[in-house]
Asks: 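This is the structure I want to talk about, given as structure tokens.
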2 protein chains.
Amino acid sequence: MSEDMLKEALHSLKDTGVRITPQRHAILEYLINSMSHPTADDIYKALEGTFPNMSVATVYNNLRVFREIGLVKELTYGDSSARFDFVTTNHYHVICQECGKIVDFHYPGLDEVEHFASQVTGFNVSHHRMEIYGECPECSGTKEVH
Amino acid sequence: MSEDMLKEALHSLKDTGVRITPQRHAILEYLINSMSHPTADDIYKALEGTFPNMSVATVYNNLRVFREIGLVKELTYGDSSARFDFVTTNHYHVICQECGKIVDFHYPGLDEVEHFASQVTGFNVSHHRMEIYGECPECSGTKEVH
DNA sequence: TTCTTAAATTATAATCTTTATAAATAGTGT
DNA sequence: ACACTATTTATAAAGATTATAATTTAAGAA
């Protein structure tokens with residue numbers, strides 16, 4: 001499953017003329033297997049065991065490359081650092097404002113908003129982003145208790 | 001019109017026990033009158049004529065206070081610095097990826113997404129954010145020309 | 001109005017994330 | 001295996017935001 005995704009991603013690299021380096025391989029693998037939404041620093045720390053000499057710049061550079069190819073989505077929330085998400089299907093995120101947990105959920109049919117905006121503003125729309133904010137069950141629960 | 005909004009905003013400050021300082025007055029006024037979506041630095045620069053001694057920290061501090069009260073929304077896009085928007089009605093933004101222009105548009109009925117997400121994830125949903133990305137008419141135009 | 005006190009501002013430094021630079025290294029096609 | 005160029009590394013720089021401590025000031029009470 002995730003094997004296939006990695007294979008496909010590496011294929012995308014080849015197709016685009018982007019060299020496959022061990023670092024890129026590892027970053028992609030980590031992004032695919034990680035069910036969280038890591039920051040650049042998360043990735044850097046996670047891989048420093050395998051690549052003791054890897055530089056932060058490498059992580060940032062490659063995340064940018066992946067983003068440009070469309071393999072990875074960059075998510076900027078209010079907090080300090082950007083988060084990165086391997087692109088699979090069209091899903092959205094619910095973010096807990098208490099503990100920061102991010103949960104995926106699928107939701108179809110938000111394309112109409114794009115059409116609407118395009119008509120109203122005259123923009124040539126390419127995509128949109130949406131997130132939902134609230135409190136996760138755990139955090140809601142702990143509050144009710146005391 | 002914008003007079004009333006300012007008055008109301010100042011009233012909100014009083015209600016919340018937040019002191020009304022000349023700097024806060026000026027920042028609010030600027031946010032209300034500015035039809036753009038200024039960064040903290042924009043505001044700082046715009047007011048340095050009136051407040052030659054004002055510190056950047058003051059701008060940041062007060063924007064945070066305004067956000068906590070709910071007077072102001074903080075928008076984080078991919079680019080380096082956050083933008084701030086005085087909260088009026090429920091509107092969304094279309095952002096030009098070429099020149100960075102931000103255009104408002106009103107769109108109702110995205111509450112269903114919140115309900116949906118709430119049911120699927122069990123979150124206690126408070127709000128959402130959505131933006132649309134694309135190219136503004138001007139930038140699309142200049143491209144078609146050459 | 002004046003006084004008092006806690007809150008806000010200022011000035012500055014520190015922190016943190018991200019990007020730029022230049023030299024060294026390593027993929028990839030021939 | 002070679003050559004060419006992209007990539008990595010190490011480091012520094014830039015830019016945004018926050019922390020700190022001293023000074024100033026808003027706002028209620030006397």
Side-chain angles (χ1 to χ4, degrees), chain A residues 9-30 37-69 71-84 100, chain B residues 9-30 37-69 71-84 100:
Chain A
L10 293 173
H11 198 262
S12 296
L13 292 189
K14 207 167 213 172
D15 280 354
T16 336
V18 173
R19 290 185 184 167
I20 298 170
T21 67
Q23 292 87 341
R24 284 183 178 155
H25 190 118
I27 294 174
L28 279 176
E29 200 171 19
Y30 181 78
H37 306 75
T39 64
D41 197 58
D42 289 338
I43 299 171
Y44 177 64
K45 287 202 168 58
L47 298 183
E48 71 179 356
T50 323
F51 299 90
N53 294 325
M54 186 170 63
S55 146
V56 225
T58 299
V59 178
Y60 277 102
N61 285 339
N62 289 328
L63 287 171
R64 177 162 35 77
V65 169
F66 297 157
R67 173 165 51 75
E68 285 167 357
I69 297 179
L71 286 178
V72 159
K73 216 190 318 183
E74 183 173 351
L75 311 164
T76 59
Y77 305 117
D79 59 348
S80 43
S81 41
R83 294 170 172 282
F84 295 87
Chain B
L10 292 173
H11 198 262
S12 297
L13 292 189
K14 207 167 212 172
D15 281 353
T16 335
V18 173
R19 289 186 183 168
I20 300 171
T21 67
Q23 294 88 340
R24 284 181 176 158
H25 190 118
I27 294 173
L28 278 176
E29 199 171 20
Y30 180 79
H37 305 75
T39 65
D41 197 59
D42 289 338
I43 299 171
Y44 177 64
K45 286 203 168 59
L47 299 182
E48 72 179 353
T50 322
F51 300 89
N53 294 326
M54 187 171 62
S55 145
V56 226
T58 299
V59 178
Y60 278 102
N61 285 338
N62 289 329
L63 287 171
R64 176 163 36 76
V65 169
F66 296 158
R67 173 165 51 76
E68 285 167 356
I69 297 179
L71 287 178
V72 159
K73 217 190 315 183
E74 183 173 351
L75 311 164
T76 58
Y77 304 117
D79 59 346
S80 43
S81 41
R83 296 172 170 282
F84 295 87

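Note that this is a predicted model, so its numbers are computed, not measured. Chain naming here is simple, since letters A, B, ... match the order of the sequence lines and numbering starts at 1 in each.
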Asks: Who pairs with A/Glu74 by side chain to side chain contact (heavy atoms under 4.5 Å, CB included), at least two apart in sequence or on another chain?
Replies: A/Arg67, A/Thr76, A/Ala82, A/Phe84
Asks: Specify the separation, in whole Å, of atom CZ of B/Arg24 and atom P of C/dT10.
Replies: 11 Å
Asks: So, using side chain to side chain contact (heavy atoms under 4.5 Å, CB included) as the criterion, who are the partners of B/Thr16 when residues are at least two apart?
Replies: B/Val18, B/Ile69
Asks: Between atom CZ in A/Arg64 and atom P in D/dA6, what is the gap in whole Å?
Replies: 14 Å
Asks: Between the side chains of A/Thr39 and A/Asp42, is a donor N or O closer than 3.5 angstrom to an acceptor N or O?
Replies: yes
Asks: Of the non-hydrogen atoms in A/Tyr44 and A/Val56, which two are nearest, and what is the gap between them?
Replies: CE1-N, 3.7 Å
Asks: In this structure, how many angstroms lie between the P atom of C/dG27 and the CG atom of A/Asn61, rounded?
Replies: 16 Å
Asks: Expressed as a whole number of angstroms, how long is the span from A/Leu75:CG to C/dT17:P?
Replies: 17 Å
Asks: What heavy-atom pair brings A/Val59 and A/Ala40 nearest, and what distance separates the two atoms?
Replies: CG1-O, 3.6 Å
Asks: Under the salt bridge (charged side-chain N to carboxylate O under 4.0 Å, His left out) rule, what pairs show up with a residue in residues 50-60 of chain B, not counting sequence neighbours?
Replies: none
Asks: Contacts to DNA chain C from residues 44-58 of chain B, heavy-atom cutoff under 4.0 Å, which residues?
Replies: B/Asn53, B/Met54, B/Ser55, B/Ala57, B/Thr58
Asks: Would you say A/Tyr60 places a side-chain N or O within less than 4.0 Å of OP1 or OP2 belonging to C/dT19?
Replies: no
Asks: Nearest to the side chain of B/Ser80, heavy atoms from C-beta on, is which of C/dT18, D/dT8, D/dA16?
Replies: D/dA16
Asks: Using a 4.0 Å heavy-atom cut-off, does B/Asp41 contact any base of the nucleic acid, only the sugar-phosphate backbone, or nothing at all?
Replies: nothing
Asks: If every non-hydrogen atom of A/Phe51 is compared with every non-hydrogen atom of A/Ala26, which pair is closest and at what distance?
Replies: CE1-CB, 3.5 Å
Asks: Identify the heavy atoms of B/Tyr30 and B/Leu47 that sit nearest to each other, and give their distance.
Replies: CB-CD2, 4.5 Å
Asks: In whole Å, I'd like the distance from the CZ atom of A/Phe66 to the P atom of D/dT7.
Replies: 10 Å
Asks: How would you summarise protein contacts on nucleotides 21-28 of chain D per nucleotide, using B for base, S for sugar-phosphate only and - for none, with heavy-atom distances below 4.0 Å?
Replies: -----BS-
Asks: May I have all residue pairs that pass salt bridge (charged side-chain N to carboxylate O under 4.0 Å, His left out) and include part of residues 14-27 of chain B, sequence neighbours excluded?
Replies: none
Asks: Can you measure B/Leu63 atom CG to D/dA16 atom P for me and round it to whole angstrom units?
Replies: 14 Å
Asks: What's the CD1-P distance between A/Ile43 and C/dT18, to the nearest Å?
Replies: 11 Å
Asks: For B/Asn62 and D/dT17, what is the distance between atoms CG and P respectively, to the nearest whole Å?
Replies: 15 Å
